[in-house]
Amino acid sequence: MKTPIIAPSILSADFTRLGEDLATCEKAGANWIHVDVMDGHFVPNMTLGPLVVEACKRATNLPLDVHLMIEKPESMLEAFARAGADRLTVHVETCPHLHRTIQQIQSLGVKAGVTLNPATPAIMLQEIYTLVDLVLVMTVNPGFGGQNFIPEMLQKVAQIRKSLDENGSQAWLEVDGGVSEKTLPSLLKAGADAFVAGNAVFKHPGGITAGIAALHNLTLPAYRPEN
Ligand code: DX5
Ligand code: ZN
């Protein structure tokens, strides 16, 4: 198993001091920075675009894990790659030509991720397991931070873990939504190896550093499934 990744989602950060929050995340041992892009169409919320991704790139050395919750993502891939995205994740629900979209992302020199809404079955990934660099399982309905984890998604994570292994894939299996000290252990056990966390990091009572440490501690070898 890979060393698990903690990816704070800046959706829950204080945007008046984004640079400082990113620096704190980096110092606290975060592995990636998760950036949620929403267009007000695919999801009922609107957030940020390439301009803010480019600002994040200047503020941190951590890889930028960019989650595109937008319609017609193919038209924006180049702009996000140019802005400094290291990973670009698209929703299956927005990509009628998913195979081509994955190739388009990789041709830009960026790792390609694919994600599924809670109601979208894992079978939608069947033909692209050997192609993708990352699979993201949404464990809430996308659009907002601070929502409750949907426990039924554990089974989907386990099913996708099995399929990735059967296909000999080295792709990351990431989870996003309601990840906390309470939910992380069961997600780890189900086979997830990258954990997006918004509120559990930025709204932790002890602050960002304590939030990241708490999640990291739960991924230490003693907690890993094989032990
Ligand atoms: C939800 C976003 C998530 C969100 C997670 O649409 O994709 O990345 O920020 O926030 P928490 O961890 O608070 O559920
Ligand atoms: Zn996200």
Side-chain angles (χ1 to χ4, degrees), residues 4-15 18 21-22 25 28 30-49 52-53 56 62-71 73 76 80 85-94 111-120 133-154 156-157 172-188 192-208 210-216 218-219:
I5 296 290
I6 302 296
S9 163
I10 60 164
L11 192 60
S12 303
D14 178 351
F15 274 69
L18 187 55
D21 277 7
L22 287 173
C25 286
N31 305 98
W32 302 343
I33 295 297
H34 186 80
V35 184
D36 287 308
V37 179
M38 305 184 187
D39 66 353
H41 292 279
F42 176 59
V43 288
N45 194 6
M46 210 186 262
T47 54
L48 51 90
V52 176
V53 171
C56 291
L62 295 177
L64 300 180
D65 178 40
V66 179
H67 176 191
L68 297 177
M69 287 161 272
I70 60 176
E71 286 177 4
M76 292 301 294
F80 281 105
D86 295 278
R87 286 182 173 70
L88 281 169
T89 296
V90 292
H91 272 261
V92 166
E93 300 85 1
T94 63
K111 301 272 186 232
V114 170
T115 183
L116 304 164
N117 279 342
T120 306
D133 303 298
L134 179 147
V135 172
L136 171 60
V137 177
M138 288 309 300
T139 42
V140 297
N141 283 294
F144 304 94
Q147 301 182 80
N148 287 337
F149 174 76
I150 303 172
E152 287 77 16
M153 294 302 109
L154 279 171
K156 196 198 267 188
V157 172
W172 293 100
L173 178 46
E174 186 176 46
V175 285
D176 184 7
V179 174
S180 67
E181 288 168 64
K182 215 169 121 209
T183 58
L184 187 146
S186 51
L187 286 161
L188 185 69
D193 48 25
F195 301 88
V196 176
N199 274 25
V201 167
F202 292 99
K203 308 281 189 250
H204 191 281
I208 293 172
I212 291 173
L215 296 177
H216 260 315
L218 291 170
T219 69

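All heavy atoms count here, side chains included; hydrogens, waters and symmetry mates do not. Since we're looking at a predicted model, the values are computed, not measured. Note that ligands are numbered from 1 as they come in the structure, with each ligand's atoms numbered from 1 the same way.
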Is there a polar contact, in the sense of an N or O pair closer than 3.5 Å, between Gly177 and ligand 1? no
Within-shell test, Ala200 vs ligand 1, heavy atom, strictly < 4.0 Å: no
Compute whether any side-chain donor of one residue and acceptor of the other, for His67 and Asp65, lie under 3.5 angstrom apart. no
So is Met69 polar-close to ligand 1, meaning N/O to N/O under 3.5 Å? no
Atoms of ligand 1 close to Met38 [distance to a heavy atom under 4.0 angstrom, numbered from 1]: 6 (O)
Output yes when the distance from some N or O of ligand 1 to some N or O of Gly143 is under 3.5 Å, and no in every other case. yes
Are any of the heavy atoms in Lys203 under 4.0 Å away from ligand 1? no
Specify which N/O/S atom of Asp176 comes nearest to the Zn ion (ligand 2), by atom name. OD2
When you look at NZ of Lys203, are more than 12 heavy atoms from neighbouring residues, nucleotides or ligands closer to it than 6.0 Å? yes
Part of Ala197 with heavy atoms under 4.0 Å of ligand 1, whether side chain, backbone, both or neither: backbone
Region of Asn199 engaging ligand 1 - heavy atom pairs below 4.0 Å: both
Just need the protein heavy atom nearest to atom 1 (C) of ligand 1, so name the residue and atom and give the distance. Phe144 O, 3.5 Å
Check the surroundings of atom CG in Asn148: do more than 12 heavy atoms from other residues, nucleotides or ligands lie under 6.0 Å from it? no
Nearest 0.5 Å, what's the CZ-OG1 distance between Phe15 and Thr47? 7.5 Å
How far is atom 3 (C) of ligand 1 from the closest protein heavy atom, and which atom is that? Asp176 OD1, 2.9 Å
Metal-centred angle, OD1 of Asp36 through the Zn ion (ligand 2) to NE2 of His34, rounded to 10 degrees: 90°
Report yes if some heavy atom in the side chain of Ile212 is under 4.5 Å from a heavy atom in the side chain of Pro8; otherwise report no. yes
Would you tell me which option among Val43, Val35, Asp36, Asn117 has the nearest heavy-atom contact to atom 4 (C) of ligand 1? Asp36
So, of the N/O/S atoms that His67 has, which is the nearest one to the Zn ion (ligand 2)? ND1
